[in-house]
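The block underneath contains the structure these notes are about, expressed in structure tokens.
The shown structure was predicted, so the numbers you read here are calculated from the model rather than taken from an experiment.
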Amino acid sequence: MAASSPMALPAAMRSIFGARSNRVLLLAARDLQAGGGGGSCPRRWQSSLPQLDHTDRSDEESCGEIDWDNLGFGLTPTDYMYVMRSSPEDLGGFPRGELCRYGNIELSPSSGVLNYAQGLFEGMKAYRRPGRAGYTLFRPEENARRMQHGAERMCMPAPSVDQFVRAVKETVLANRRWVPPQGKGALYLRPLLMGSGPILGLAPAPEYTFLIYAAPVGNYFKEGLAPINLVVDDEFHRAMPGGTGGVKTIANYAPVLRAQLDAKSKGFTDVLYLDSVHKRYLEEVSSCNVFVVKGGVVATPATMGTILPGITRKSVIELARDRGYKVEERLVSIDDLIDADEVFCTGTAVVVAPVSTVTYKGQRHAFRTGSDTLAQELYTTLTSIQMGLTEDNKGWTVAVD
Ligand SMILES: *Cc1c(COP(=O)(O)O)cnc(C)c1O
């Protein structure tokens with residue numbers, strides 16, 4: 001089968017993506033590219049996607065141009081992104097995916113994502129393993145399943161769990177030089193699923209694109225565990241019963257910017273949202289879940305469709321129970337919060353963030369932070385597992401080699 005035949009490309013690409021060595025994958029993709037003119041990206045994307053080139057050095061161990069000590073949570077573009085499409089003839093499947101040079105993508109002005117916010121995202125981190133080669137991911141199948149659940153809500157086809165996890169691994173390996181050294185941070189991975197096909201009347205888009213890009217990030221807060229100050233918003237809400245608060249749809253995030261900017265201008269770190277019906281029960285922060293601790297009892301709002309079921313949340317519940325705490329998923333009122341000893345937030349980006357104060361109706365309430373807190377303990381335990389510093393007897397980490 002000649003690589004120069006356009007018909008040969010899909011099958012050839014499939015076998016390449018089955019290859020274990022990413023070096024082989026990249027080289028083979030370049031060969032196809034050079035020989036074929038069919039390129040490594042779906043035809044639709046060809047005009048706008050930068051192509052794989054021979055001069056980049058993604059197979060090198062680390063990137064020399066970066067100041068690893070001053071990584072924030074900003075966007076540092078990396079070398080490759082992963083792209084996979086589903087057209088009507090694919091009947092809800094994603095037949096093939098491929099790595100492309102990281103760069104702008106082309107979308108129809110009438111695409112479903114641009115007009116009707118038919119889109120989802122995920123957030124994950126890959127850490128460099130200490131003392132040996134390779135990287136670790138944290139519970140990536142959970143992100144895959146959450147995307148499938150969200151896709152159902154947003155009327156989109158989704159990649160299989162296996163496709164999702166394999167695509168994440170490919171993206172890590174292709175961008176391996178951007179994975180920060182041990183202790184300096186992680187390679188943040190951002191999978192997207194969007195209605196990329198054109199549609200004018202309100203309806204699901206005719207074509208979907210799954211894409212993963214990556215960026216090296218430092219610890220979310222400089223000290224790793226710097227306490228944050230929240231303000232309760234009882235005017236704006238992020239979700240409502242029957243809405244989409246429980247899925248990671250892009251539609252949930254622009255609406256919180258107003259409240260977030262107001263909070264930041266007053267010196268707060270972020271907003272803590274209340275339920276939109278009673279305006280009395282805690283929901284979550286813009287991009288992380290919330291926990292309150294009182295004595296030996298830990299409480300967190302139950303996931304009933306208005307809060308995002310965080311993978312860090314789920315993991316922290318298990319770790320707190322292992323430590324002998326009683327963990328309750330239930331309605332948590334603002335009074336429960338005010339009465340708490342300790343409050344903390346969880347999420348992939350923040351991991352576990354202690355809350356030092358919460359301001360509600362102009363009143364500032366302070367909570368215990370620092371050493372000797374459950375938040376500190378959970379942060380250490382969880383990051384040790386995620387970074388591969390301790391034995392993972394939960395089976396949560398997935399190796400990328
Ligand atoms: C992503 C997100 C979280 C945290 O989820 P993790 O899986 O722990 O990263 C919490 N709340 C919201 C609104 C989010 O978008």
Side-chain angles (χ1 to χ4, degrees), residues 69 73 125 127 130 138-139 182-186 217-232 267-272 282-302 307 310-330 332-360 363-394 396-397:
D69 291 313
F73 211 80
K125 280 176 174 173
Y127 288 96
F138 186 70
R139 311 185 80 173
Q182 255 285 294
K184 304 287 187 191
V217 295
N219 293 319
Y220 202 74
F221 299 116
K222 231 181 158 43
E223 263 60 69
L225 255 188
I228 61 175
N229 298 288
L230 301 176
V231 60
V232 176
F268 298 108
T269 318
D270 211 331
V271 177
L272 175 57
L282 308 190
E283 296 242 299
E284 60 178 323
V285 181
S286 320
S287 60
C288 45
N289 296 112
V290 68
F291 286 75
V292 304
V293 188
K294 176 79 178 174
V297 181
V298 180
T300 191
I307 71 166
I311 296 157
T312 320
R313 174 188 178 277
K314 183 174 172 176
S315 309
V316 154
I317 288 173
E318 198 171 323
L319 293 175
R321 282 186 180 140
D322 290 349
R323 289 186 136 52
Y325 285 86
K326 185 166 191 282
V327 183
E328 300 173 341
E329 296 180 68
R330 57 166 167 89
V332 181
S333 71
I334 189 77
D335 298 321
D336 294 332
L337 173 100
I338 291 168
D339 196 36
D341 304 328
E342 209 186 311
V343 178
F344 60 85
C345 294
T346 64
T348 296
V350 301
V351 191
V352 178
V355 175
S356 100
T357 69
V358 176
T359 300
Y360 174 61
Q363 283 257 25
R364 211 170 131 100
H365 304 274
F367 306 97
R368 215 142 53 79
T369 60
S371 54
D372 259 15
T373 57
L374 177 60
Q376 171 80 63
E377 227 178 294
L378 291 170
Y379 176 85
T380 307
T381 308
L382 188 58
T383 51
S384 300
I385 297 172
Q386 289 172 332
M387 294 177 186
L389 298 173
T390 50
E391 180 86 36
D392 168 24
N393 42 37
K394 300 271 185 199
W396 284 346
T397 53

In this structure, OG1 of T397 is separated from CG of D392 (nearest 0.5 Å) by 3.5 Å

For A299 and V332 the tightest heavy-atom approach is CB-CG2, 4.0 Å

| query | Can you check whether A349's main-chain N or O pairs, donor with acceptor, with K125's side chain at less than 3.5 Å? | reply | yes

Here the pair of heavy atoms bringing P301 nearest to V290 is CD-O, 3.3 Å

| query | So do V351 and Q386 actually touch side chain to side chain, heavy atoms under 4.5 Å? | reply | yes

Rounded to the nearest 0.5 angstrom, the CD1-OG1 distance for I317 and T312 is 11.0 Å

Report task. Please assess D339 against K294 for the test salt bridge (Lys or Arg N to Asp or Glu O under 4.0 Å), listing each intermediate value before the final yes or no. Result -> CA-CA 8 Å; D339 196 36; K294 176 79 178 174; 3.6 Å; yes

E329 meets the salt bridge (Lys or Arg N to Asp or Glu O under 4.0 Å) criterion, sequence neighbours left out, with R313

Value for CG (L272) from CG (L337), rounded to nearest 0.5 Å, stands at 6.5 Å

On a heavy-atom basis, the closest approach of G295 and D341 is N-OD2, 2.8 Å

S315 meets the side chain to side chain contact (heavy atoms under 4.5 Å, CB included) criterion, sequence neighbours left out, with F138, R139, I311, L382, W396

- Item | R364 atom CZ, over 12 foreign heavy atoms within 6.0 Å | no

dist T300:OG1 -> E328:CD (nearest 0.5 Å) comes out at 11.0 Å

>> Test your reading of the model: is there a side-chain donor-acceptor pair from D270 to the backbone of V285, 3.5 Å cut-off?
In response: no

Smallest heavy-atom separation, F268 atom then T359 atom, equals CE2-OG1, 3.3 Å

Handout entry: Pairwise side-chain contact, L389 with Q182, heavy-atom cut-off 4.5 Å (strictly under)
Key = yes

Taking C-beta and beyond as the side chain, do V292 and L282 meet within less than 4.5 Å on heavy atoms? yes

Is R330 close to D336 at the side-chain level, that is, under 4.5 Å between some pair of heavy atoms? yes

Q. Can you tell me if R368 uses its side chain to pair, donor with acceptor, with the backbone of T373 under 3.5 Å?
A. no

Looking only at heavy atoms, the pair that brings F344 and L374 closest together is CE2-CD2, 4.2 Å

Can a donor-acceptor pair be found, under 3.5 Å and without considering hydrogens, that links the side chain of T357 to the backbone of A366?
no

For S356, the side chain to side chain contact (heavy atoms under 4.5 Å, CB included) test, sequence neighbours excluded, returns P227, N229, T369

Of all heavy-atom pairs linking K394 and E318, the shortest is NZ-OE2, 3.1 Å

Check your understanding: Does some side-chain heavy atom of D69 sit less than 4.5 Å from a side-chain heavy atom of K184?
Key -> yes

ask   = Can you check whether Q363 reaches I338 side chain to side chain, under 4.5 Å on heavy atoms?
value = no

OG1 (T380) and CG (L319) are apart, to the nearest 0.5 Å, by 11.5 Å

### Task
Check the surroundings of atom CG in D335: do more than 12 heavy atoms from other residues, nucleotides or ligands lie under 6.0 Å from it?
yes

